[in-house]
*Asks:* 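Here you go, one structure.
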Amino acid sequence: MSRVLVELFHIAAGALVALLMAKGAAWAVPLASREIWIIAFVSIAFIGGMGLKPLMAAWRGDAAGQTPGSGPAADAGPARG
């Protein structure tokens with residue numbers, strides 16, 4: 001479950017940063033505070049949405065028992081360029 005926890009941490013960190021930025025912006029521009037919070041919540045929804053695909057990949061990797069650095073890509077050898 002470690003990969004899933006890492007992905008959840010990234011989503012939570014992104015949401016927290018968005019909230020902190022919105023709080024600072026709403027404090028700095030009180031007349032636009034309503035619009036700032038609307039945009040912040042939409043941004044948090046996008047952060048969650050963009051984190052869904054990596055979260056599901058981590059979930060599948062954990063369920064298959066893969067660790068980072070294992071699987072078909074790791075067996076292919078060094079990258080050729």
Side-chain angles (χ1 to χ4, degrees):
M1 282 300 221
S2 63
R3 293 174 66 185
V4 171
L5 291 176
V6 169
E7 292 300 332
L8 287 173
F9 173 77
H10 283 124
I11 294 169
L16 180 65
V17 168
L19 284 173
L20 290 174
M21 289 177 63
K23 185 174 182 177
W27 173 80
V29 188
L31 292 177
S33 132
R34 181 170 177 254
E35 289 80 11
I36 289 169
W37 284 110
I38 290 171
I39 296 300
F41 291 130
V42 169
S43 299
I44 291 170
F46 273 97
I47 290 168
M50 289 188 300
L52 255 166
K53 188 173 181 180
L55 180 65
M56 295 309 294
W59 186 296
R60 286 190 298 270
D62 281 348
Q66 293 178 353
T67 58
S70 69
D75 298 334
R80 297 177 208 167

*Asks:* Nearest 0.5 Å, what's the NE2-CE distance between His10 and Met50?
*Replies:*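 These two atoms lie 13.5 Å from each other.
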*Asks:* Excluding sequence neighbours, so at least two apart, what forms side-chain contact (heavy atoms from CB on, under 4.5 Å) with Ala32?
*Replies:*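 Only Val29, Glu35, Ile36 meet the side-chain contact (heavy atoms from CB on, under 4.5 Å) criterion with Ala32.
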*Asks:* Which other residues belong to the hydrophobic cluster containing Ile44, where Ile, Leu, Val, Met, Phe, Trp and Tyr are joined when side-chain heavy atoms lie under 4.5 Å apart, directly or via other members?
*Replies:*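 Other cluster members: Leu19, Trp37, Phe41.
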*Asks:* What's the separation between atom CG in Leu5 and atom CG in Asp62, rounded to the nearest 0.5 Å?
*Replies:*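 Leu5 atom CG to Asp62 atom CG measures 8.0 Å (nearest 0.5 Å).
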*Asks:* Are Met56 and Val4 connected into the same hydrophobic cluster when the rule is that any two of I, L, V, M, F, W, Y join if their side-chain heavy atoms are below 4.5 Å apart?
*Replies:*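 No, Val4 and Met56 fall in different hydrophobic clusters.
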*Asks:* Sequence neighbours left out, what passes side-chain contact (heavy atoms from CB on, under 4.5 Å) with Phe46? Give chain and number order.
*Replies:*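 side-chain contact (heavy atoms from CB on, under 4.5 Å) check on Phe46 returns Val42.
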*Asks:* Would you give the length of the straight line joining atom CG of Leu52 to atom CD1 of Ile47, rounded to the nearest 0.5 angstrom?
*Replies:*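 The CD1 atom of Ile47 is 13.0 Å from CG of Leu52, to the nearest 0.5 Å.
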*Asks:* Considering only Ile, Leu, Val, Met, Phe, Trp and Tyr, and joining two whenever side-chain heavy atoms are under 4.5 Å apart, list the other residues clustered with Met21.
*Replies:*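 Traced through the cluster, Met21 reaches Val17.
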*Asks:* I need the minimum non-hydrogen distance between Glu7 and Leu55, along with the two atoms involved.
*Replies:*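 It is CB-CD1, 3.8 Å.
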*Asks:* May I ask you to list the residues sharing a hydrophobic cluster with Ile39, side-chain cutoff 4.5 Å, ordered by chain and number?
*Replies:*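 Answer for Ile39: none, a lone residue.
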